[in-house]
Amino acid sequence: MIIVKNQTVKLRENKKELLDTNSIINEQMLSIIKKITLKLKSISPKHDATVIFSGKIDNINVDIKSDSEKSVTAIESLINDYLK
């Protein structure tokens with residue numbers, strides 16, 4: 001089973017602005033994390049790992065913890081393919 005933790009920090013939004021780029025970036029990056037999570041769940045039965053998204057939402061770090069190097073490689077590949 002793959003456990004996904006989103007520990008990212010959103011960018012500060014300015015509700016008074018009509019077009020706030022930070023809120024757009026926050027929404028887009030959260031959408032990307034959700035899509036990656038769905039892809040990870042599709043390979044979940046084959047792998048045991050914890051995937052942690054951290055950092056600011058516009059500069060995300062991904063940490064993969066697993067006892068299996070095969071699982072880490074598969075998860076890294078999936079994430080990298082998605083972010084291309």
Side-chain angles (χ1 to χ4, degrees):
M1 175 177 202
I2 298 175
I3 299 168
V4 179
K5 296 180 182 179
N6 182 1
Q7 298 177 342
T8 56
V9 177
K10 290 182 180 180
L11 300 176
R12 180 173 288 158
E13 297 179 8
N14 187 349
K15 301 290 182 184
K16 294 180 182 180
E17 288 188 29
L18 185 57
L19 258 172
D20 180 26
T21 56
N22 286 351
S23 63
I24 295 169
I25 292 169
N26 286 340
E27 287 177 31
Q28 289 177 341
M29 293 307 293
L30 289 174
S31 174
I32 289 170
I33 291 172
K34 285 180 184 179
K35 288 176 183 175
I36 290 172
T37 300
L38 287 174
K39 296 247 186 222
L40 290 173
K41 299 233 183 240
S42 70
I43 67 166
S44 186
K46 300 176 186 175
H47 303 283
D48 286 325
T50 301
V51 179
I52 303 169
F53 294 96
S54 62
K56 284 207 169 197
I57 200 80
D58 62 341
N59 187 17
I60 296 175
N61 299 314
V62 181
D63 185 28
I64 303 167
K65 297 181 181 182
S66 177
D67 292 335
S68 168
E69 189 63 36
K70 184 178 178 183
S71 293
V72 172
T73 303
I75 292 167
E76 284 176 343
S77 176
L78 186 142
I79 292 171
N80 289 336
D81 286 347
Y82 187 83
L83 295 177
K84 283 184 180 180

Quick one: side-chain contact (heavy atoms from CB on, under 4.5 Å) partners of T37, sequence neighbours excluded?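 With sequence neighbours excluded, T37 shows a side-chain contact (heavy atoms from CB on, under 4.5 Å) to V4, I33, K41, given in chain and number order.
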Residues which pass side-chain contact (heavy atoms from CB on, under 4.5 Å) with K46, listed by chain and number, not counting sequence neighbours: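 Once residues adjacent in sequence are excluded, K46 has no partner under the side-chain contact (heavy atoms from CB on, under 4.5 Å) criterion.
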Hey, does the side chain of T73 reach the backbone of E69 with a donor-acceptor pair shorter than 3.5 angstrom?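 Yes, the answer is positive, given that a donor and an acceptor are paired below the 3.5 Å cut-off.
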Linking I/L/V/M/F/W/Y whenever their side-chain heavy atoms sit closer than 4.5 Å, directly or via other members, would I64 and I43 fall into one cluster?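 The answer is yes; both residues are in one hydrophobic cluster.
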State the [atom1]-[atom2] distance between [X] and [Y], to the nearest 0.5 angstrom.
X	Y	atom1	atom2	answer
Q28	T21	CD	OG1	10.5 Å
I52	D63	CD1	CG	5.0 Å
I2	S66	CD1	OG	8.5 Å
D48	S71	CG	OG	6.5 Å

With side chain to side chain donor-acceptor pair (under 3.5 Å) as the rule and sequence neighbours excluded, what pairs involving residues 7-16 come up?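 For residues 7-16: N6-T8, E13-K15, E13-N26, N14-E17.
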Do the non-hydrogen side-chain atoms of I36 and V51 ever get within less than 4.5 Å of each other?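 With C-beta onward as the side chain, the pair stays apart.
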Determine whether L40 and L78 make a side-chain contact, defined as any pair of heavy atoms from C-beta on separated by less than 4.5 Å.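 L40 reaches L78 side chain to side chain.
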What are the two closest heavy atoms between H47 and K70, and how far apart are they?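 Result for this residue pair: CE1-O, 4.2 Å.
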May I ask you to list the residues sharing a hydrophobic cluster with M1, side-chain cutoff 4.5 Å, ordered by chain and number?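 Taking Ile, Leu, Val, Met, Phe, Trp and Tyr as members, M1 stands alone, with no cluster partners.
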Apart from L19 itself, which Ile, Leu, Val, Met, Phe, Trp or Tyr residues share its cluster (side-chain heavy atoms under 4.5 Å, direct or through members)?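 Noted: L19 shares its cluster with I24.
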Listing, residues 53-60 side-chain donor-acceptor contacts under 3.5 Å, not counting sequence neighbours, or none:
none

